[in-house]
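Data block below; observations after.
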Amino acid sequence: MARMIKYDYKFMSDKKVGRFGFRQKELADLQKKLGKINEKLDKAKNSHDLSFRALPYDYKMLTHLYKLNKILRNHFDNMVVVGIGGSELGAKAIHGALAGDYANQLRNKKGLKIYFAGDTTDPKPVLDLLKIIDLKKTIFFIVSRSGLTIEPLANFLFLRKKVIEKVGKSHHANHFIVSTLSNKNPLYQIAKREGYLVLPHYAGGGRYSALSINGLLPALAAGFDIKNLLKGARAIDKICKSNKLEKNSPALFAALQYLAYKKRQQNISILMPYSYYLDDFSFWFRQLMAESVGKKKLGITPIASLGPSDQHSQIQLYMDGPHDKVITFVRVEKIRFDLQIPKYKNSEISYLGGHGLNSVLKIEHLATSVSLMENKRPNGTIILPELNEFYLGQLFFFFEMAVVYLGEFFNINVFDQPGVEQSKKYMYGLLGRKGFEKEAREIRRYI
Ligand code: PA5
């Protein structure tokens with residue numbers, strides 16, 4: 001049987017953190033609901049919202065991506081992903097976790113160099129990017145479900161002009177792949193008119209699209225084993241069939257987050273991986289939790305944190321501040337190679353000699369987790385046997401399903417995001433989009 005990521009929640013319990021932790025009876029009450037919830041989710045499995053659960057089983061999409069990747073490898077050195085929010089954070093988290101900060105410098109023919117350039121309209125990053133990439137060797141992956149989002153579209157138009165200047169109008173289409181919904185949206189229309197390759201964007205919400213082409217194409221282009229990512233996701237999907245919280249760790253995680261919020265007003269949820277390369281993953285989690293659960297005056301505020309650096313920045317607050325937080329650590333059990341700290345005699349830091357850097361990381365996590373528990377601060381740890389495609393796929397699906405279960409416990413729709421619409425409309429108004437004149441008038445009163 002495949003090894004699974006584990007959720008260690010003993011420091012979440014009242015036995016360890018007193019009145020700030022969950023009581024077994026409360027968990028037992030939620031346990032009673034799980035069967036019905038699973039039944040409901042199963043019935044709705046073909047619905048638009050839950051279609052992300054089918055992504056790990058989409059073998060047709062995989063075949064298509066492998067074929068496409070062969071072509072990309074033969075023609076390009078770089079891929080620039082242009083998207084924002086749910087259309088970008090998943091791809092960034094996968095790339096961050098598996099490749100890390102130096103991947104582009106280290107990459108030697110194993111795959112394309114991957115860059116991200118759609119999540120801001122600050123001109124500096126895109127200008128800097130243009131200094132380091134050869135446009136003739138670059139494929140742009142433009143990702144926008146709606147095909148309407150200002151930030152990626154503004155960057156796309158700018159980059160398109162640059163590509164045309166470099167390779168000519170007649171050849172520029174070879175440098176663009178678009179992921180969007182096949183409807184009348186402007187990005188789709190431009191793509192069709194210009195002859196760009198269009199891939200169907202995952203139809204559900206962007207924040208559940210990490211394991212769709214949005215995350216998978218850049219991962220494959222970078223040289224990662226996307227089959228194993230999906231295999232990991234399927235392994236979690238399988239345990240979600242269980243109606244026992246003990247066996248269904250995403251539901252268990254959701255139950256504990258729910259109880260913390262509902263019974264103890266702990267409305268802040270911190271994700272703090274003790275793995276440098278899971279930093280981007282925390283930002284993906286942050287969006288998933290915030291946009292899915294934050295609505296109708298309800299909401300768990302997610303915080304993306306990182307160990308051990310935040311031990312020197314945030315821990316004072318987590319340890320000694322208000323009792324309004326739960327912390328989830330992520331720890332990686334086995335690192336393929338460790339670095340031994342050299343011995344230095346006759347110094348106060350001699351004790352460091354001989355330890356591996358990774359064993360120090362584990363000690364840092366343990367010391368932080370136990371200290372928090374002793375200060376009555378509930379905390380849990382997700383343990384990855386290794387940081388590879390298989391366990392990363394599990395981690396993504398773990399949180400996606402956990403948020404779905406949270407929605408069921410709270411009885412809210414975790415798939416919409418009405419709160420982001422108003423500012424979008426004001427922006428359209430100010431930028432002169434037709435149909436948004438009323439919004440333009442409204443917001444001009446404040447200029
Ligand atoms: O998760 C979401 O739905 C959002 O974060 C969107 O992904 C984000 O606003 C970008 O939208 P689009 O993909 O339509 O450009």
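What you are looking at is a predicted structure, and each value in this text was computed from that prediction instead of being measured. We count ligands from 1, going down the list as the structure has it; atoms in each ligand are counted the same way. Because only heavy atoms are used, hydrogens play no part in the values below, and waters and symmetry mates are left out as well, while side chains stay in.
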message = For D416, is there an ion pair with K295 - N to carboxylate O distance below 4.0 angstrom?
response = yes
ask   = Under a heavy-atom criterion of less than 4.0 Å, does Q287 contact ligand 1?
value = yes
query = Between the main-chain N or O of I71 and the side-chain N or O of H75, is there a donor-acceptor pair closer than 3.5 Å?
reply = yes
ask   = Any donor-acceptor pair under 3.5 Å linking the side chain of D58 with the backbone of A54?
value = no
task = If you have a sec, work out which protein heavy atom is nearest atom 9 (O) of ligand 1 and how many Å separate them, to one decimal?
result = K424 NZ, 3.8 Å
key: Numbering as shown, the atoms of ligand 1 that approach R145 to under 4.0 Å (heavy-atom distance)   = 12 (P), 13 (O), 14 (O), 15 (O)
remark   = among protein heavy atoms, the one nearest atom 14 (O) of ligand 1 is S146 OG, 2.7 Å
query = With the threshold set at 4.0 Å, does a side-chain nitrogen-carboxylate oxygen contact exist between E437 and R441?
reply = no
remark   = For G206, the ligand 1 atoms with a heavy-atom partner under 4.0 Å come out as 1 (O), 2 (C), 3 (O), 7 (O)
request  = Determine yes or no for a side-chain-to-main-chain donor-acceptor pair under 3.5 angstrom, with D8 supplying the side chain and K6 the backbone.
outcome  = no
remark   = shortest atom 12 (P) of ligand 1-to-protein heavy-atom contact is with T149 OG1, 3.3 Å
key: Check: N248 side chain, S242 main-chain N or O, donor-acceptor pair, under 3.5 Å   = yes
query = To the nearest 0.1 Å, how far is atom 2 (C) of ligand 1 from its closest protein heavy atom, and which atom is that?
reply = E291 OE1, 3.3 Å
request  = Look at E194 together with R160 and state whether they make a salt bridge at an N to O cut-off of under 4.0 Å.
outcome  = yes
Lys/Arg N to Asp/Glu carboxylate O, E39 vs K36, below 4.0 Å = no
task = Identify the protein heavy atom lying closest to atom 13 (O) of ligand 1, giving its residue, its atom name and the separation to 0.1 Å.
result = S87 OG, 2.6 Å
task = Using distance alone, decide if ligand 1 has a nitrogen or oxygen within less than 3.5 Å of any nitrogen or oxygen in G86.
result = yes
ask   = Does the N or O separation between H201 and ligand 1 drop below 3.5 Å for any pair?
value = no
key: Atom indices of ligand 1, in the order listed, that fall short of 4.0 Å to a heavy atom of Q417   = 3 (O)
remark   = For atom 10 (C) of ligand 1, the closest protein heavy atom turns out to be I84 O, 3.3 Å
